[in-house]
Every structure is written in C-alpha cells, then in structure tokens.
Number of protein chains: 2
Amino acid sequence: MPLSRERVLRAAVDVADQGGIESLTMRRLAEELGAEAMSLYYHVANKEEVLDGIADVIATEINDVVDQIDAPSKGPDWKKAVRQRILSAREVLLRHPWAPGVFDTRTNLSPAVVQYIDALVGLMRDGGFSNDLAHHALHALGSRALGFTHELFDPSDGAGDEGGAAMLEMADRLPHLVGMMMEVAHDDPDSTLGWCDDQFEFEFGLDLILDGLDRIRETA
Amino acid sequence: MPLSRERVLRAAVDVADQGGIESLTMRRLAEELGAEAMSLYYHVANKEEVLDGIADVIATEINDVVDQIDAPSKGPDWKKAVRQRILSAREVLLRHPWAPGVFDTRTNLSPAVVQYIDALVGLMRDGGFSNDLAHHALHALGSRALGFTHELFDPSDGAGDEGGAAMLEMADRLPHLVGMMMEVAHDDPDSTLGWCDDQFEFEFGLDLILDGLDRIRETA
DNA sequence: ACCTGAACACCGTTCAAGT
DNA sequence: ACCTGAACACCGTTCAAGT
C-alpha cells in the first residue's frame, strides 16, 4: 500500500494516541508507516501541515458523532440540543487527550471545526438567538464549545502530602485555598487530593454559561 | 554582574517579549546574557524549569498589580471586585502575549498563580460563597480567572476575501456561520473581517459567568 | 510519480575541564 | 563556586539522486 496524505495523517493520530504528542516526530511517523522520514514530504508540506491535518481528523470524528444526534432544537429546546452536542464532542476528545493542545496551537483553522461551529450556530438560531447573541455565545463558550477547557493546574501533582508542618505553613500563606480544599475534601473523603471531578466541573461551567445565554435570549 | 537564576529568568521574559516564545532557546537566552548556553545549566536544571520560572515571573507581575486594588468585596460587591481583578490580570497578559500559551503547557503549578487564586477565593468567600461554590466557580472560570481564554480560531486569517464565487460556495456549506458573519459585519462596517472585539467578547463571557454565579450565591 | 541517502542547520543536554 | 569547549543524540528540512 503506497503512502498518501490520508495514511500519513491516520498514522500520525495513532502515534499521538499511543505515545503522546511529544512522541510525534517526522522520523517516528515514518517508522510507523514503514518508510523513511523524507518520504513524508512528498505527501505533506511540513510538520505544521501534519498538525493541522490531525486536528482536522479529530474534528471530523467529532462531526461524525454529533451529526447522528437528532434532538429538537426549536425555542427552549436549543439548550438541551447544544448541551448534548458539546458533551458528545467531549467524549471524543477524551479518547485523544493530546488533541486540545493541538487545537490550541493551530493558527490555521480546521474546516471540520468550522463545520462544527456552523451547526452550533444553527442550533442557537433555532432557539431564537439573534446573530449577534450567537456570536457572543461562541466567544463566551470558547474552547468549551468543542468539549474541553484548559485546566489552570493539574491537582494530581504538586501541593501534595508534604506532611503537617508544610501544610500549616501553606495554610498561613493560602488561607482561603487551604480552607476550601480541606472543606471540600472533607465532604468527599474518597478522593483525598484528586478532589476535582472533571466531568462534573465541566458540566457545571457549561450549564452556567448556557443558563446565562438562555436568560438573555428570553428577554431579547 | 554574575549570572543568577533571577537574571536568567528576567532575560528569558525579555527574549520572549521581543521575539516570541519560539525564539526562546537556551542558546539565544545565553546570548542575551553574554554567556554560553552551557552556563545556564548551573542556575537552572533545564529548559522546563526556565518555562516554569517565566510563568511564575508573569504571575508575580500580575499579583503586584492586583494587590494594589482595594475594592470592597463584602456581599454583592464581590462581583465588581473579582471582575476588576481579572480584567487587571488580563492587562498584564496583553503585554506578554506568549504567556497564556506557557501557562497552558505548565504541569507544575506556579506558586504565584496559586497565590493569585487564593486571593480570588477570598473575594468570593467575602461575597458569601460556600467553599463548594467557590471551588466550582474556579473550574467554571477556567483560564478566564487569570485573564485569558483560548480563541477557537484567529479570525484575522483564513476564510478571508476569496472573492464572490468562493463565498457563495461557503454560504452553501456553512449557512449559519456565513449568515451570522454577514449580519454582524454589516452592523459594524468598520472592521470588515477583524470583526471580533476581543476585549468586549472577553468581558461578555466573564460577565455571563459572574452573573450566573451571583444568582446561585443569592439562592443558596 | 513516488521514495530515499546524504547532508545541513539547529535543538537540549552531558561531562570533563578550565578559572 | 562559577563558567565553558567539545561532543552527543535528536530534531525538521533540502536536494540531488534513485526507481
């Protein structure tokens, strides 16, 4: 089977899925395809084009999933329809944890992402959004529209269990944060320090925004 | 003047400010300091530590600015206080456009960022937030808490003025998006395609979230 | 048309050696 | 204690050359 742009991009996704995005080098990608690194340049201009390409592959996978959803979106139903779409997109991205980072660095926008956004605007228009409100809504959602957010920090490491003395010193400098952590961790003693339920928090933020938009929509 | 961790990090910020983050290499950084690349390793463990370091330098600059704000935050005043803080943080980041991207890749969290977040939780507590609500609020704000969001795409390029024929073809595939763009661009004929006012959109999304939180706070 | 070998410029980093 | 020269492994990429 000869090489092709298609095969190169699919292999690139496989490499990133298996070894993470930092393992995706032109030489490693060629190896995956049983070819030499230089052969790739016949099918793609450079590595940037590979990154643009795999972003588009993932966005296409998202579109394939969400386009099978057939939810009513007229009037007040818009919110459930949009919510379902975004959470489905998120499920796809959870299978490709490197993808959000790649989307972030893309300056060229993926056609499949534009297609996704277009459908989202369509749902909001069904809900009675003005074009102006739909536009602001896209900005308000930001990366959440595609199903991810950028965590400020990963609570899994750092600030860990350094023993009581360091904890007391920390409580002095960070009274509010330590107080919050202790109380929230106390309420949910299962997860001692992996104390954030990503899915729950994502939905909380998403609903906060969707509810706010719905309120503006009604009074417009 | 001998090298020092401090000088290395300040020089790294200068290099990034001047030439962008991709211009920040160990060799270029050493040149800026009139030294050899290998000398840097006496003061920092590796490049990752440089990146952790400059993230912390910027976060410290943010703290220096926001700590001078003395706004009332009790009860309903919390929202104005938080809003002002976040918009001030944003002003600092606009002077270091590379910084959001660096924050994003940091897996080790900057002490100065933690300090910033702690103060933010304090303001919310002043406003009557439960620790639980403050915790969800941090996740809902996400990177917006620090004053930035990740744009889905940069409207300055792509989808540009490819003439009427391509536009008609685009309108066919992307009816909602093209319709939205045409209407919003029509309302604001100044900015033909740089049609998004970043500052306005940032504040719109921020206020949407803050208003939603305020409503939950009141009914709690 | 499609693939490759040799080579180049550029990384981050190690380590033994200088002062 | 602080800095450096030489060297290594690894990048992305060019280009002339193979089939």
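Residue numbering restarts at 1 for every chain, and letters A, B, ... go by the order of the sequence lines.
Using N1 to N3 plus N6-O4 or O6-N4 for Watson-Crick, or N1-O2 and O6-N3 for G-U wobble, each under 3.5 Å, C:dC8 pairs with D:dG12. In this entry D:dA17 has no Watson-Crick or G-U wobble partner, no candidate having both defining distances under 3.5 Å.
Between A:Ser39 and B:Met26, the residue whose closest nucleotide on DNA chain C is further toward the 5' end is A:Ser39. Mapped onto DNA chain C by nearest heavy atom, A:Leu40 and A:Arg27 fall at different nucleotides, with A:Leu40 at the one closer to the 5' end.
Atom CG in B:Leu24 sits roughly 11 Å away from atom P in C:dC11 (whole-Å rounding). Atom NZ of A:Lys47 is separated from atom C1' of C:dC10 by 14 Å (rounded to the nearest Å). What separates CG of B:Asn46 from P of C:dC11 is a distance of 17 Å, to the nearest Å. Distance, B:Arg28 CZ to C:dG12 P: 13 Å, rounded to whole Å. What separates CD of B:Glu22 from P of C:dA9 is a distance of 21 Å, to the nearest Å. Whole-Å rounding puts the B:Leu51 CG to C:dG12 P distance at 10 Å. Rounded to an integer number of Å, the gap from A:Arg5 CZ to C:dA1 C1' is 18 Å. Between B:Glu36 atom CD and C:dA17 atom C1' the separation is 15 Å, expressed in whole Å.
A salt bridge links B:Arg10 with B:Glu6: at least one charged nitrogen is closer than 4.0 Å to a carboxylate oxygen. Of the charged side-chain nitrogens involved, none lies within less than 4.0 Å of a carboxylate oxygen, so that B:Glu31 and B:Arg27 do not count as a salt-bridged pair.
By the 30° and 60° cut-offs, the orientation of the rings of B:Phe204 relative to B:Phe200 is parallel.
Taken from CZ in A:Arg85 to CG in A:Asp67, the straight-line distance is 5.5 Å, to the nearest 0.5 Å.
Among the nucleotides C:dG12, D:dG12, D:dC3, the one closest to any side-chain atom of A:Tyr41 is D:dG12. Of the candidate nucleotides D:dC11, D:dT4, C:dC11, D:dT4 has the atom lying nearest to any side-chain atom of B:Ala35.
Taking only side-chain nitrogens and oxygens, B:Tyr42 never comes nearer than 4.0 Å to OP1 or OP2 of D:dC3. Between A:His43 and C:dA1 there is no side-chain N or O to OP1 or OP2 distance below 4.0 Å.
Residue contacts for A:Met38: at a heavy-atom cut-off of 4.0 Å it reaches a base atom on one of the strands shown. Residue-level contact check: A:Thr25 touches the backbone only, with heavy atoms under 4.0 Å from sugar-phosphate atoms and none from bases.
Annotation for B:Glu22: atom CD counts as buried by contact number, over 12 foreign heavy atoms lying within 6.0 Å.
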